[in-house]
Amino acid sequence: MSSDAEADSLSQGARLLQQKILAAVQKLDLPSAGATKKELQDGIRQNLDAIAFDTHNQSGIVEARATFELNRETGRLFQLEIIWDADNPTSGSEQRAHYGYEVYKDGKRVAGPGHVFFKKNVILPHYRIKDRGLTEDLSFKLERCGKMGTGSMKFEAHYFKLKS
């Protein structure tokens, strides 16, 4: 499965973004703390909300970072960080508007960069503009923790808007 996809609409793009990220995570060999691989994958799938990025983007969110950490009493088994963002093409660029993603395991990139590209005439309502000196501010944060096998999985998601 390619790390890139094509979408006709923002909502289809968000669904494809979720699918691409989950497919990348499924390929990883993650320690399970006694849970089955399916239980571990389901725990990540249930908390990952890239599928709603079209709605988040319309409210001003330009980047999200989700962290999944599996721990046992003896310490951390792994940390998975998933980043997704919205980018419009810069002036003179051949690239199209897209949602992008990367997956990191214990600080090392293990998937991506991948993209969900939109048709040439699509412009995202909000997007990263780092080359113009604008920075991103934390808009809101979600956090959950639950039992996973003989350990616990902690989930945090940070959502960023452009700083005004």
Side-chain angles (χ1 to χ4, degrees), residues 1-30 37-69 78-105 107-144 153 155-164:
M1 181 182 272
S2 167
S3 59
D4 292 338
E6 301 277 331
D8 293 326
S9 68
L10 299 183
S11 61
Q12 181 189 33
R15 286 191 306 275
L16 288 169
L17 179 66
Q18 178 95 355
Q19 289 171 8
K20 290 291 186 184
I21 292 170
L22 289 173
V25 170
Q26 271 188 320
K27 294 177 185 175
L28 300 177
D29 183 27
L30 300 173
K37 184 170 183 164
K38 182 181 180 338
E39 289 171 324
L40 187 58
Q41 297 291 334
D42 284 349
I44 293 170
R45 181 185 47 76
Q46 290 168 4
N47 287 293
L48 183 70
D49 69 343
I51 197 164
F53 195 49
D54 58 322
T55 305
H56 292 154
N57 185 241
Q58 289 172 22
S59 71
I61 301 298
V62 297
E63 183 173 298
R65 294 173 174 260
T67 305
F68 297 87
E69 190 174 291
F78 72 82
Q79 182 182 56
L80 197 64
E81 182 180 33
I82 302 168
I83 302 166
W84 60 97
D85 55 51
D87 288 320
N88 276 327
T90 56
S91 180
S93 170
E94 290 296 313
Q95 198 172 53
R96 292 173 284 153
H98 63 272
Y99 295 151
Y101 69 92
E102 295 180 2
V103 179
Y104 294 83
K105 179 183 173 193
K108 180 182 177 216
R109 186 167 64 198
V110 293
H115 306 88
V116 176
F117 289 103
F118 297 99
K119 290 183 175 182
K120 204 147 187 73
N121 60 343
V122 172
I123 298 295
L124 300 174
H126 300 278
Y127 53 95
R128 298 182 309 161
I129 316 177
K130 292 183 179 178
D131 62 332
R132 295 197 181 140
L134 296 173
T135 58
E136 299 160 12
D137 252 353
L138 181 64
S139 179
F140 66 96
K141 173 181 156 181
L142 299 174
E143 191 172 354
R144 294 183 196 103
M153 182 179 282
F155 160 76
E156 280 187 15
H158 298 85
Y159 299 84
F160 299 90
K161 287 185 174 185
L162 286 179
K163 195 178 207 174
S164 342

With rounding to the nearest 0.5 angstrom, report the [atom1] to [atom2] distance, [X] to [Y].
X: His126; Y: His56; atom1: NE2; atom2: NE2; value: 13.0 Å
X: Gln58; Y: Ser11; atom1: CD; atom2: OG; value: 9.0 Å
X: Glu102; Y: Ile83; atom1: CD; atom2: CD1; value: 6.0 Å
X: Asp54; Y: Ile61; atom1: CG; atom2: CD1; value: 13.0 Å
X: Lys27; Y: Leu30; atom1: NZ; atom2: CG; value: 13.5 Å
X: Arg45; Y: Leu22; atom1: CZ; atom2: CG; value: 7.5 Å

Would you say that [X] contacts [Y] through its side chain, given a criterion of any heavy-atom pair below 4.5 Å between the two side chains?
X: Leu10; Y: Pro125; result: yes
X: Asp4; Y: Val116; result: no
X: Tyr101; Y: Leu17; result: yes
X: Gln79; Y: Thr67; result: yes
X: Val62; Y: Lys161; result: no

Shortest non-hydrogen contact between [X] and [Y], atoms and distance:
X: Leu48; Y: Phe68; answer: N-CZ, 4.2 Å
X: Met153; Y: Ile44; answer: CE-CG1, 4.3 Å
X: Ala97; Y: Val122; answer: CB-O, 3.3 Å
X: Phe117; Y: His115; answer: CE1-CB, 3.4 Å
X: Leu16; Y: Ala5; answer: CD1-CB, 4.3 Å
X: Asn88; Y: Leu124; answer: OD1-N, 2.9 Å

Angle class for the Tyr159/Trp84 ring planes (parallel below 30°, perpendicular above 60°, tilted otherwise)?
perpendicular

Quick check: does any side chain N or O of [X] sit under 3.5 Å from a backbone N or O of [Y], one acting as donor and the other as acceptor?
X: Lys105; Y: Ala111; value: no
X: Glu143; Y: Ala157; value: no
X: Glu63; Y: Asp85; value: no

One thing to verify: whether Lys108 and Glu81 come together as a salt bridge, which I'm taking to mean a side-chain N less than 4.0 angstrom from a carboxylate O.
no

For the pair Glu39 and Lys37, find out whether any cationic side-chain nitrogen is under 4.0 Å from an anionic carboxylate oxygen.
no

Quick check: Tyr99 with Phe118 (ring centres under 6.0 Å apart)?
yes

Begin from the C-alpha positions of Arg144 and Asn47 and carry the test side chain to side chain contact (heavy atoms under 4.5 Å, CB included) through to its verdict.
CA-CA 9 Å; Arg144 294 183 196 103; Asn47 287 293; 2.7 Å; yes

Working note: Arg96 + Glu6, criterion salt bridge (charged side-chain N to carboxylate O under 4.0 Å, His left out); need CA distance, chi angles, decisive distance, verdict.
CA-CA 10 Å; Arg96 292 173 284 153; Glu6 301 277 331; 2.9 Å; yes

Does atom CG of Asp29 have more than 12 heavy-atom neighbours, drawn from other residues, nucleotides or ligands, at distances under 6.0 Å?
no

